[in-house]
Structure formats: structure tokens, C-alpha cells
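Here the structure comes first, spelled out in C-alpha cells, and everything after it is commentary.
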Amino acid sequence: MKKLIVLVAVVALSLVTASAFGADPLKVGFIYVGPIGDHGWSYQHDQGRLAVEKALGKQVKTLYIEKVTEGPDTERAITRLARDGAGLIFTTSFGFMDPTIKVAKRFPKVMFEHATGFKRAKNVATYSSRFYEGRYVIGQIAARLSKNGVAGYIASFPIPEVVRGINAFMLGAQSVNPDFKIKTVWVNSWFDPGKEADAAKVLIGQGADIITQHTDSTAPMQIAGEKGIKAFGQASDMIKFGLKTQLTSIIDDWQPYYIQRTKAVLDGTWKSTDTWGGMDTGMVGMAPYTNMPADVAAMAKATEEKIRSRKMHVFSGPIHKQDGSLAVAKGKNLDDGTLLGMNWYVKGIDDKLPK
Amino acid sequence: MSALEAVLLTIITASTPLLLAAVGELVVERSGVLNLGVEGMMIMGAVTGFAAAYTTGSAAIGVAAAVGTGVAMALLFAFLTQTLAANQMATGLALTLFGTGLSGLIGQTFTGLPGVKLGALHIPGLSNLPLIGPVLFAQDVLVYASVAITAGVAWTFTRTRAGLVIRAVGSNHHSAHALGYDVAAVRYRCIAFGGVCAGLAGGYLSLVYTPQWIENMTAGRGWIALALVVFATWTPIRVAVGAYLFGTVWIMGLYVQGIGVAIPSQFLSSLPYLVTIAALLAISGNRILTRVNTPACIGQTFVPDR
């Protein structure tokens with residue numbers, strides 16, 4: 001099938017400035033899983049790319065390839081950027097993990113940054129953001145606003161990142177309404193507007209009166225709007241797709257991280273690290289709280305502030321697993337290792353987790 | 001809104017694009033032409049439909065643009081295969097590749113913009129009936145069109161002279177030619193009709209289903225339509241049954257997940273294909289009837305003797 005590969009060189013090669021700095025600009029490459037116009041996940045990464053350009057000006061030149069499918073294509077795309085002379089490459093989807101490691105072996109002088117993965121190498125760093133902190137907040141909002149006490153959750157793949165989000169959402173909801181229910185539909189895709197829309201319709205038909213998603217298109221937001229119920233955006237502010245629908249949106253802000261890591265390569269201080277930033281680092285933000293009563297917005301803001309200032313941990317005990325066993329005792333928090341490999345639901349979720 | 005009503009509405013939305021595209025292709029194939037470019041015509045209809053609706057703010061203009069583009073693509077195919085006598089299969093595949101690529105290019109500036117949705121057409125007096133009102137009489141105009149077109153095609157093939165001519169051309173183009181029918185002219189019209197339907201199907205995706213433009217948003221629906229025509233043994237009613245069966249199983253797959261039945265979602269995703277093929281094979285078991293309905297000249301190039 002035809003793949004549109006767009007290579008954009010945004011900062012023009014200026015010989016004058018290049019010689020002024022005494023070197024060619026550092027080429028920074030980005031691989032996106034969706035189109036940069038998805039107004040979700042890939043869009044936010046691209047905002048990070050633009051921020052790098054803005055902050056570092058003529059010291060850098062950025063390249064990107066969008067709509068790279070997770071699979072054999074990934075390796076080709078990453079290799080292509082490395083061959084084009086990129087000194088630092090960000091691969092921005094979980095499924096790019098193995099190809100990134102593979103290509104990194106062949107290009108030891110190129111630095112790689114893989115988002116949401118757990119495999120590192122000397123020239124491969126990983127980074128992710130604690131989106132689940134935001135999911136706790138929206139869980140609370142959902143439980144306050146839902147009349148039926150049922151939220152519809154459109155999920156992509158049963159990987160720890162998504163399961164963690166569902167659990168955090170549920171814990172947030174239970175903190176307000178212990179009997180809150182969620183219905184989950186797995187669409188087996190990150191970006192399939194048709195299927196996401198169908199899933200939203202089905203969930204609404206089954207009594208869900210709030211929709212949240214861990215997929216990247218704006219289709220569920222549009223459907224929720226049509227049916228006159230509320231929804232949460234994903235990854236970026238989707239307010240223009242749901243002026244009267246969006247309650248808030250968990251926003252991934254990669255800009256500070258991308259600038260910092262690019263600077264590290266320029267200074268020669270880059271090291272393979274593992275970064276997992278949350279609200280406290282600004283990596284996770286919330287879109288304005290809209291379409292809800294003031295007291296609900298105030299509650300959400302208070303929770304957000306508590307998480308930001310680290311007064312509160314989303315996964316603080318006691319937390320019970322779905323089967324009733326104790327996952328973490330009172331007074332303790334779930335450790336990052338458990339969170340990263342999370343493959344179980346918390347108590348109160350009725351569905352069975354697909355394996 | 002009752003749960004049943006919601007499910008039925010969703011099924012109709014999921015089935016309509018398949019039905020539209022499949023019925024169009026059925027007419028094309030009945031005239032003895034195999035157009036593998038359905039997916040390409042659909043995706044072009046989707047992008048131009050969205051672009052026209054977004055630019056003008058009118059969904060109706062969007063539908064018109066989708067139809068126009070579908071016809072233009074179809075006529076390109078007709079010119080190559082009928083006038084220049086190019087290989088139909090190769091040309092059809094090329095049409096799909098061309099449409100997918102060009103739509104991505106046209107759609108670049110339209111990605112991620114909120115679209116214009118084609119509104120529902122409430123039939124006065126009937127749309128207020130419980131259950132069947134909202135499901136049957138408060139749909140958008142394209143759903144009505146898909147039903148009307150299917151009925152019209154079925155009626156044409158069984159009850160009219162035009163239908164007989166199309167079938168004759170598809171069954172034996174040499175005899176039809178000898179009888180004085182202009183084979184190429186008949187086929188040109190049928191191919192254009194296929195373009196109208198594929199354009200409508202594409203427009204349905206970007207104006208009703210998910211009112212936005214996303215590259216590759218047809219996601220193989222054109223190919224499903226093509227398969228439906230064959231498995232339904234070129235009969236319009238069976239095509240409709242197949243399209244709705246596919247849509248129903250597709251939506252039920254999501255539905256059972258929502259109510260928490262533990263069936264692997266990957267299996268549920270493949271179920272519509274399996275069920276539809278099995279069902280259509282079962283209902284088209286009559287071999288003689290199948291042979292009668294199969295256009296014998298399908299895919300063959302016809303060049304009249306001078």
C-alpha cells in the first residue's frame with residue numbers, strides 16, 4: 001500500500017550560521033505512529049518537535065516520518081532517518097520498541113529515545129509519562145457527573161500502559177462512588193475512527209453516559225456529542241471536536257523533555273536514561289475543565305494539585321485486585337516496577353482482562 | 001433510547017457503505033466487467049466529499065462531490081478498459097492504488113478538521129413510531145438511497161428490458177453485439193453507475209459514519225464489498241443480506257465486549273468475515289441458479305470486429 005512519507009526540513013540550511021557555530025546543525029528525527037493531524041498522540045509529539053526547533057533554532061534541523069505502522073515498516077523508517085544523518089531519533093510508540101533496539105545496534109553513534117518502552121541500550125534511552133495520574137482525575141469527574149454510574153471505556157490493546165489507565169480511572173471513580181461501573185471495549189487499534197465510533201455507539205447504547213478513550217482519534221468525542229453525553233479527550237486538547245462535550249483532556253506535553261534531551265546531545269552529556277515523568281514534571285497536563293458544574297471542576301483541580309505536589313499517589317494502598325487479593329497494603333504505594341508490568345484489574349471492574 | 005434501538009441504528013450505519021458499494025459493483029459485474037477499483041473510488045469519494053462539505057459548509061454539496069468523483073474515477077476505468085481494451089484486473093488494481101495515493105495527497109490539508117455531518121431525514125408521521133420510527137424512518141438520505149438503489153437494481157434485472165440487455169452483454173458479449181447492442185456503451189453506463197454507488201459509499205464514511213477525513217479511512221471496505229458480490233452470486237437481495245449480516249456481526253462483536261463476555265477481541269474482529277462467507281455460501285447452494293446468475297463474460301475484454 002502506498003505510504004505517504006513526508007520528510008520536512010524546517011530549519012533551512014544556512015551556511016552562514018552553520019559556520020558561525022562551527023558545525024552542521026544536529027539532525028533530530030521523529031517517528032510517529034499516526035498522522036500528525038490526528039489531534040491526539042502523534043500531534044502532541046509533533047508539537048514537541050516544533051518546540052525543539054523553536055528553542056534551539058539553527059543548532060538543529062528536524063526530520064519526521066508519520067504514519068509508520070508497527071511492524072516491518074518501522075525498521076525501514078528508523079533506518080532511513082539514521083541514514084539521513086540524524087544524530088538523535090525519537091521513536092514514539094510502544095510497538096517501535098524492538099525495531100528501535102535493532103536499528104540502534106547498527107548505528108552506535110546515533111542516540112535513540114523510545115517512548116513508553118522498557119528496553120534500553122547504551123544508545124537507547126526510554127521515556128514515558130504518567131498519564132494514569134490524569135486518568136485518576138477524570139475518573140473522579142466521571143463518577144460525579146454520570147447519572148447511571150457507568151462509563152464507557154474505549155481501549156486499544158491490553159498492554160500495561162492501557163490497563164494501568166483503566167485501573168487509575170476506576171480508582172478515581174471509586175473514590176467518589178464505590179459502586180461505579182465501567183464497560184470496556186477493545187478495538188485492537190490505536191487509530192481506527194470507524195471502529196472507535198462504533199464502539200462509542202455500542203457503549204452508549206448499553207447505558208454508559210460518559211465516554212473515555214485510550215485510542216487516538218477524535219471520533220468517540222464526536223459520537224458522544226451527537227448523543228448528547230460528555231466525554232474526555234485523549235492526548236491533546238480535543239475541545240474543537242466537542243465544544244459542548246469535552247469535560248477535559250489529559251494532555252501529553254513532551255516539549256520540555258525533547259528540548260532537554262536535544263540539548264544534552266548538543267553538549268555531549270547525553271546518557272541512556274529511563275524517564276517517567278508525571279504531573280510534577282509538567283509532562284502530564286489537563287485541558288481546561290469545561291462543561292461541568294463549578295464544584296466538580298474545583299474537586300478535579302484540587303486532586304490535580306495534590307498529585308502535582310506529590311501529596312498524593314494514585315496507586316496508594318489499600319488496593320485489591322479483581323480476584324480480591326491484596327495488591328498493596330494501607331500506607332504503601334504500588335512501586336513503579338509493578339505499575340510498568342500491570343496485567344491485572346483492580347476490584348470493582350467486572351470485565352475479564354483479555355490476555 | 002432503548003438498547004435495542006441503539007444497536008439497530010449502529011448496525012445500519014455499519015452496513016450501509018458496504019451495501020452501496022456492493023450493489024454498484026454488482027451492476028458492473030453483471031455487465032461482464034470486473035472493476036477491482038471499488039476501494040479507490042470509495043476513498044476518493046470520501047476525501048472529495050469531505051473537502052467539498054468542509055469548504056462550502058453543505059453536506060449535500062459534499063455528497064454531490066463524492067458522487068462526481070466516483071463517476072470520474074469510474075469513467076477513467078471505463079475509458080481504459082472499454083475504449084483502449086486494457087486488462088480489467090490490472091486496471092482495477094491500479095485504480096485502487098491511484099485512488100488511495102491521490103486521496104492522501106488531496107486530504108493532507110483536511111486531516112484532523114471537524115467535518116460537516118449529513119443530517120437525518122425524518123419522515124413525518126412515521127419517525128415518531130416507537131422503535132421502528134427512529135430506526136427506519138429517521139435515517140439520513142444515504143441510508144434510504146442504499147435501500148432504494150438495491151430495490152431498483154433488483155427490479156431492473158428481473159422486470160425490465162434494460163436489465164435483460166445488461167445481463168445479455170454480461171453473459172455473452174459476442175451474441176449481444178451480433179444482436180445489435182453496443183456492448184461498450186452498455187458497459188460504460190454500468191461502470192459509471194458503479195462509480196456513483198462507490199462515491200456514495202465513500203461519502204457516507206466521511207459525512208455520516210465519522211464526519212472527518214482520515215487517510216485510508218475506507219479500511220478495506222471496498223474489498224469486502226467486492227467479495228460480497230461474488231459470495232452473493234450476483235443477486236441484489238443476497239448482497240443486501242450479506243452486507244447487513246456483516247454489519248450485524250461486526251457490531252455484535254463490540255456489543256458482547258461491552259456487556260463483558262470474555263471472548264478474545266481478535267476473534268470477534270474476524271467473526272464478521274467468517275459468518276458472512278459461511279452464510280452466503282449456504283444460501284447460494286443451488287448450483288444451477290448460481291450458474292445462471294454468473295456473468296459468463298466477466299473480466300473478458302471485448303473488441304468488436306470491424
Side-chain angles (χ1 to χ4, degrees), chain A residues 1-4 6 34-40 43 66-67 152-155 157-158 181 183-189 191-208 217-223 225-227 236 238 240-243 349-355, chain B residues 1-11 13-14 17 96-105 107-115 117 205-206 209-221 247 250-269:
Chain A
M1 269 299 131
K2 182 233 137 230
K3 158 154 298 138
L4 190 71
V6 192
I36 55 171
D38 67 358
H39 285 266
Y43 174 80
E66 59 178 335
K67 284 173 280 191
Y153 206 117
I154 301 165
F157 297 99
K181 293 284 169 219
K183 287 176 177 293
T184 315
V185 168
W186 299 89
V187 293
N188 291 311
S189 171
F191 191 75
D192 182 342
K195 208 166 176 189
E196 291 170 49
D198 288 341
K201 285 183 205 161
V202 164
L203 287 165
I204 296 166
Q206 289 178 350
S217 92
T218 52
M221 177 73 69
Q222 286 181 318
I223 298 294
E226 267 170 40
K227 307 276 180 191
S236 74
M238 295 180 172
K240 69 175 173 171
F241 294 90
L243 277 176
I349 298 177
D350 295 334
D351 296 346
K352 232 181 121 195
L353 181 62
K355 296 283 183 224
Chain B
M1 193 195 293
S2 73
L4 178 65
E5 184 186 316
V7 169
L8 291 177
L9 285 173
T10 316
I11 289 172
T13 322
T96 290
L97 294 175
F98 171 65
T100 319
L102 187 61
S103 65
L105 187 66
Q108 233 174 5
T109 48
F110 294 100
T111 307
L113 295 172
K117 184 168 172 144
L205 292 178
S206 66
Y209 206 137
T210 47
Q212 48 181 318
W213 162 248
I214 303 115
E215 203 174 328
N216 254 335
M217 71 187 297
T218 44
R221 287 187 175 83
W250 170 263
I251 294 303
M252 290 321 283
L254 298 172
Y255 186 84
V256 299
Q257 277 198 57
I259 54 175
V261 179
I263 302 174
S265 54
Q266 294 87 343
F267 175 70
L268 292 171
S269 299

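Below, each value reflects all heavy atoms present in this structure, side chains not excepted, and no hydrogens, waters or symmetry copies. Chain letters run A, B, ... following the sequence lines, proteins first, then strands; residues in each count from 1.
In this structure, CG on B:Leu113 lies 10.0 Å from OG1 on A:Thr218, to the nearest 0.5 angstrom. The NZ atom of A:Lys201 sits 7.0 Å away from atom CD1 of B:Ile251, with the distance rounded to the nearest 0.5 Å.
With hydrogens and angles ignored, the 3.5 Å screen pairs no side-chain donor or acceptor of B:Glu215 with any backbone N or O of A:Pro35. In this structure, the side chain of B:Gln257 engages the main chain of A:Trp186 through a donor-acceptor pair within 3.5 Å.
Looking at A:Glu196, neither its backbone nor its side chain comes within 4.5 Å of chain B, counting heavy atoms on both sides. Using a 4.5 Å cut-off between heavy atoms, A:Thr184 contacts chain B through its backbone alone, with no side-chain atom that close. Of the two parts of A:Phe191, only the side chain, counted from C-beta on, holds a non-hydrogen atom closer than 4.5 Å to a non-hydrogen atom of chain B.
When the candidates A:Ser217, A:Ala199, A:Gly194 are compared by the number of heavy-atom contacts under 4.5 Å with chain B, A:Gly194 comes out ahead. In terms of heavy-atom pairs under 4.5 angstrom with chain A, the leader among B:Ala219, B:Pro211, B:Ala14, B:Pro264 is B:Pro211.
Put simply, the residue from A:Leu203, A:Val185, A:Ile154 that forms a side chain to side chain contact (heavy atoms under 4.5 Å, CB included) with B:Leu254 is A:Val185.
A:Asp198 has its side chain within reach of B:Thr10: a pair of non-hydrogen atoms, C-beta onward, lies under 4.5 Å apart.
Pairing each heavy atom of B:Ala6 with each of A:Gly205, the nearest pair is CB-CA, 3.5 Å. Annotation for A:Lys183 and B:Ile259: closest pair NZ-CA, 4.2 Å, computed over non-hydrogen atoms.
Heavy-atom contacts from other residues, nucleotides or ligands closer than 6.0 Å to NZ of A:Lys240 number more than 12. Residue B:Phe98 places its CZ atom among 12 or fewer non-hydrogen atoms of other residues, nucleotides or ligands, all under 6.0 Å distant.
The ring-ring contact (aromatic ring centres under 6.0 Å, His included) search around B:Tyr209 returns none, not counting sequence neighbours.
Between the side chains of B:Thr210 and A:Gln222, no donor-acceptor pair of N or O atoms lies under 3.5 Å.
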